[in-house]
Enquirer: 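One structure coming up, written as structure tokens, with questions to follow.
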Amino acid sequence: MSETNWLKDCEGFLIDLDGTMYRGNQAIPCAREFVEWLNRTGRKYLFVTNNSSKLPRQVADKLSGMGIPAEEEHVFTSSQATAMYIKDHAKLANPTVYAIGEEGVVAALEEAGCRFDEESPDYVVVGIDRQFSYEKLKTASFAVQKGAIFLGTNADKRVPTEEGLAPGAGSLSRAVATASGVEPVWIGKPEARMVKYSIKRLGLIPEKTVIVGDNLETDILAGINAGIRSVLVLTGYSGMQDAQQTLHKPDLIVKDLAELISKCEN
Ligand SMILES: [Mg+2]
């Protein structure tokens, strides 16, 4: 029996985007073939992204624009996961929220039936916000001090941009945590809840689901935290040396998605 026999039984794939499907605005070789293979073989899949700023449709459009087939329903963002968390936990049907974030966060919260309130919201949600300000930090901090539950869409401290490593959502959440004295509940990868919500959306079971990504500290750790199998692709952030040194060992390491397809078939 091959060491990767479990792969053949996998029914669902949770797929990272940056470093796995594309780099910047460039599709990674075989990304398209991988999605076509998933479709052809009837596998379920979700593109699971920590990026809270975009609407699922915008993420799908970006993929399609690079020649990678994608529909809105194949995208799951940390904003959507945050909205699911609120739906799961809120005592009332229409909880109130103060959100720091861009249109992805606002749309996901609206869709979940949240109402927006700056004064005394039930929840404070912090995602990446390129219009972040002292005023917003103060509003969020006061609301959390008054008892609002504090959610961070994701803990990424930095995000790669053309200018260099820019502050990520995690840095903004950290500012609110420092100002309010309260730590957030984190939602995105590497938290298990991001994986659990993804599996729930696919209607699968953890045993038949695998997470595929390029980052040991987010994708692979998310898989480990949620108790599902993981595959590291060496087309992005983490290299073979990182994989050998880390405590967060993936179940499989492949050099690219073409190798993953062949491991699934043979
Ligand atoms: Mg990545």
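Values below: all heavy atoms of this structure, side chains included; hydrogens, waters and symmetry mates excluded. Counting starts at 1 for both ligands and their atoms, in listed order.
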Enquirer: Is a side-chain donor-acceptor pair under 3.5 Å present for S238 with D242?
Expert: no
Enquirer: Can you say whether the rings of H74 and Y45 are parallel (under 30°), tilted (30 to 60°) or perpendicular (over 60°)?
Expert: parallel
Enquirer: Any side-chain donor-acceptor pair under 3.5 Å between W37 and E265?
Expert: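 W37 vs E265: donor-acceptor pair found between side chains.
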Enquirer: Using a 4.5 Å cut-off between side-chain heavy atoms of Ile, Leu, Val, Met, Phe, Trp and Tyr, which other residues end up in the same hydrophobic cluster as V124?
Expert: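 Noted: V124 shares its cluster with Y98, I100, V126, F132, L137, V144, F150, L172, V176, V182.
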Enquirer: Check side-chain contact (heavy atoms from CB on, under 4.5 Å) between E119 and all other residues, then give those that pass, not counting sequence neighbours.
Expert: D117, K146
Enquirer: Run through the protein N/O/S atoms less than 2.8 Å from the Mg ion (ligand 1) and write them out by chain and number.
Expert: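 Per the 2.8 Å query on the Mg ion (ligand 1), atoms found are D16 OD2, D18 O, D214 OD1.
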Enquirer: May I ask you to list the residues sharing a hydrophobic cluster with I128, side-chain cutoff 4.5 Å, ordered by chain and number?
Expert: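 Listed partners: V159.
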